Amino acid sequence: MDLLYKSTRGDSQPVTASQAILKGLADDGGLYVPTVLPKLEVSLQELAKMNYQETAYEVMKLFFTDFTEQELKDCIKKAYDQKFDIEEIVSIVKADEAYYLELFHGSTIAFKDMALSILPHLMITAAKKNGVKNDIVILTATSGDTGKAALAGFADIEGTKIIVFYPKNGVSPIQEKQMLTQKGKNTYVVGITGNFDDAQTGVKELFHDKQLAKELEEAGFQFSSANSINIGRLVPQIVYYVYTYAHLLAEGEIKENESIHVAVPTGNFGNILAAYYAKNMGILIDKLICASNENKVLYDFFTTGIYDKNRDFILTSSPSMDILISSNLERLIYRIGGEDDKNNKLLMEQLKKEGKYEITEQMKQKLCDFYGGYATEEQIKEKIKKLYEKAGYVIDTHTAVASVVYDKFKKETEDRTKTVIASTASPYKFTRSVLDAIDIKYDEWEDFALVDELSQISGVAVPEAMEEIRTAPILHHKVCRPEEMREMVKEILNGKSSR
């Protein structure tokens, strides 16, 4: 039996996995969720003997049931190959009583590579399965990392175009240069004069624009998404939590039937939701530590049960988490609400109209798996410096957010359960913030001088992704206001707009 997907808002008919991947967002504006969360079919002991690619197949086959074994294995093989700088795909480093899960060994040195390396292959396979003749237009908003990883994944993939919107002054200089130097005849990058939430809201509105969809259909195009709202992005993220637990078991770091905690720096809620799904599939994860930066909308939600985006938007040193609308939280709200799509729809409409909603006491009780915390800018700096001085290990600002919140959790609960911290980006992606935290003398240094210095002090070679952009020319120059996004998309697809 194929596992089907339904909308969190209930107005759309259930669809197959390949259809959900192609559409990205349900017609009613909801997110696709599986009709049932499958359980792992192999034991943890069996998983402990598998490499990353084998683990990926064991997880993904349970969700993508209308893909044949050969189709899925082919997608996995193409995704998890030499574009990662280590054979294991991810590495787990023990430092100062925690396990850092390094998810940044892909081609854009951020965790988004873990899913965006495979999404283009899933999407092209899905298009063939469903007889799609149109070109697929990937429309994505990014707070910094998704954009580059999606651009790299879809560059020059036949039958696709990709348009990425990002906040012009809301990403790090390295993140921006990574996007603006992206090659590929089918790639387009547009800065917007607003923040990430403006970009994400604009993209969602374009997905809901029926007139635009009709015009694009007539021109031979259809939209899909590479954001974590796409189930084809979310499912591959479950894999690394399954792999990590099995790896710790194989290495004797944990015993049979021993639970772990997972701490995740959280913005759009996709990465920690993947850990929650892994837990529900049978991985022995106890607490899911949800770590926010000073845009602490999720911390406030887990503390009060009220989600309220009506607040100042703060630009921080962890820009990929500078988010006030955590889209993937809708999937969790739907689940803890008893999969009541009508009530879920009301809450999401309330969020759109009033900027906030409140869940019931009964729903709050189902959040006991989660612990919410946040880190200030000062605490982030202190953590980076302290970990470097104590363990010789350098982490980026986002990873530091999770590490700070984990320290708070330990102090508050006196819980010493072994904990995995999701390390979501290489420190090379945020060299200025990282080195400024270690020593203020770096304040006036030029960006790529900082890159070389980081290599010196960390003992880690400069990643190929950084070397590539050192002298690369800027290829994308577009900037628009949020209200001009619709016209910008039309110009690009009509071939009337240069980069």
Side-chain angles (χ1 to χ4, degrees), residues 92-104 110-111 143 145 237 240-241 244 259-276 278-279 285-305 307 311 314 316-324 326 328-329 332 367-388 390-391 393-425 427 430 433-434 437:
I92 302 162
V93 176
K94 192 174 184 181
D96 193 25
E97 300 180 0
Y99 296 89
Y100 287 84
L101 171 59
E102 293 186 346
L103 298 169
F104 51 73
F111 84 103
S143 55
D145 286 339
Q237 292 179 261
Y240 47 75
Y241 292 111
T244 297
S259 292
I260 62 170
H261 298 326
V262 173
V264 186
T266 311
N268 220 11
F269 207 75
N271 203 357
I272 197 165
L273 182 70
Y276 175 74
K279 175 183 171 95
I285 296 170
D286 185 7
K287 285 292 180 189
L288 296 141
I289 299 169
C290 179
S292 301
N293 64 17
E294 288 180 353
N295 291 292
K296 56 187 182 67
V297 64
L298 285 167
Y299 164 74
D300 292 340
F301 169 72
F302 283 112
T303 306
T304 66
Y307 192 94
R311 62 185 72 202
I314 302 167
T316 74
S317 62
S318 48
S320 298
M321 299 164 64
D322 289 346
I323 293 171
L324 295 180
S326 301
N328 269 292
L329 186 64
L332 179 66
L367 293 175
C368 59
D369 290 337
F370 292 87
Y371 169 90
Y374 74 98
T376 66
E377 287 294 279
E378 196 53 44
Q379 288 167 341
I380 291 166
K381 285 182 180 180
E382 287 171 6
K383 185 66 196 190
I384 292 169
K385 183 179 176 71
K386 181 182 171 186
L387 190 60
Y388 171 66
K390 188 173 182 180
Y393 187 58
V394 183
I395 56 174
D396 89 296
T397 46
H398 302 73
T399 307
V401 170
S403 194
V404 167
V405 173
Y406 171 54
D407 287 345
K408 290 182 178 182
F409 170 81
K410 276 195 299 185
K411 187 175 180 182
E412 197 177 300
T413 63
E414 297 186 352
D415 184 333
R416 292 295 183 267
T417 301
K418 288 168 185 168
T419 298
V420 171
I421 295 173
S423 187
T424 53
F430 303 94
S433 295
V434 169

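Bear in mind the structure is a predicted one, so any value in this text is a computation, not a measurement.
- A distance of 6.0 Å or more separates the ring centres of Y388 and Y393.
- Between the side chains of Y99 and T244, not a single donor N or O lies within less than 3.5 Å of an accepting N or O.
- Between C290 and F302, the closest side-chain pair of non-hydrogen atoms falls below 4.5 Å.
- Judged by distance alone, the side chains of N271 and Y240 do bring a donor and an acceptor atom under 3.5 Å apart.
- For the pair K408 and Y374, the cation sits on the ring face: its NZ or CZ lies under 6.0 Å from the ring centre, inside 45° of the axis.
- Taking D96 as the reference, K383, L387, K390 meet the side chain to side chain contact (heavy atoms under 4.5 Å, CB included) condition, with sequence neighbours excluded.
- Under the rule for a side chain to side chain contact (heavy atoms under 4.5 Å, CB included), the partners of A375 that lie at least two apart in sequence or sit in another chain are Q379, I380, V401, V404.
- For the pair H261/I285, no side-chain contact is recorded, criterion being any heavy-atom separation below 4.5 Å from C-beta on.
- Closest non-hydrogen pair, A422 versus P265, comes out as O-CD, 3.4 Å.
- A donor-acceptor distance shorter than 3.5 angstrom exists from the side chain of T419 to the backbone of T417, with no hydrogens or angles considered.
- V394 has its side chain within reach of V434: a pair of non-hydrogen atoms, C-beta onward, lies under 4.5 Å apart.
- For the pair L332 and L367, the minimum side-chain heavy-atom distance is below 4.5 Å.
- Contact between F104 and S423 at its shortest, heavy atoms only, is CE2-OG, 3.3 Å.
- To the nearest 0.5 Å, the span separating CD on E378 from NZ on K381 amounts to 6.0 Å.
- Dense packing is recorded around CZ of F409, with more than 12 heavy atoms of other residues, nucleotides or ligands lying under 6.0 Å away.
- Remark: aromatic rings of F370 and Y276 are close, center separation under 6.0 Å.
- At least one side-chain heavy atom of I395 sits under 4.5 Å from a side-chain heavy atom of I384.
- Residues S433 and S317 bring no donor and acceptor atom of their side chains to less than 3.5 Å of each other.
- For the residue pair D322 / S143, no side-chain donor-acceptor distance below 3.5 Å is found, with atom types taken as modelled.
- Of the N and O atoms on the side chains of D396 and T399, at least one donor lies less than 3.5 Å from an acceptor on the other residue.
- When side chains are defined from C-beta on, L298 counts as touching F269, because their heavy atoms get closer than 4.5 Å.
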| Checking side-chain contact (heavy atoms from CB on, under 4.5 Å) for the pair N295/L324: CA distance, chi angles, key distance, verdict? | CA-CA 7 Å; N295 291 292; L324 295 180; 3.9 Å; yes
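- Using cut-offs of 30° and 60° on the angle between ring planes, the pair H398 and F430 is tilted.
- Under the 4.5 Å side-chain criterion, counting only non-hydrogen atoms from C-beta, F301 is not in contact with S326.
- Between K418 and E97 there is no salt bridge, since no side-chain nitrogen of the basic residue lies less than 4.0 Å from a carboxylate oxygen of the acidic one.
- How far CD1 of I314 is from CE of M321: 12.0 Å, rounded to the nearest 0.5 Å.
- For the pair K287 and Y371, the NZ or CZ position fails the cation-pi test of under 6.0 Å to the six-membered ring centre and within 45 degrees of the ring normal.
- The CD1 atom of I272 sits 8.5 Å away from the CD1 atom of I289 when rounded to the nearest 0.5 Å.
- Of the charged side-chain nitrogens involved, none lies within less than 4.0 Å of a carboxylate oxygen, so that D415 and K410 do not count as a salt-bridged pair.
- Atoms CG and CG, on N328 and L273 in that order, are 5.5 Å from each other to the nearest 0.5 Å.
- Two residues are said to be in side-chain contact when any heavy atoms from C-beta on lie closer than 4.5 Å; V264 and Y241 meet this criterion.
- Here the rule is side chain to side chain donor-acceptor pair (under 3.5 Å) with N293, and of T316, T376, T397 only T316 fits it.
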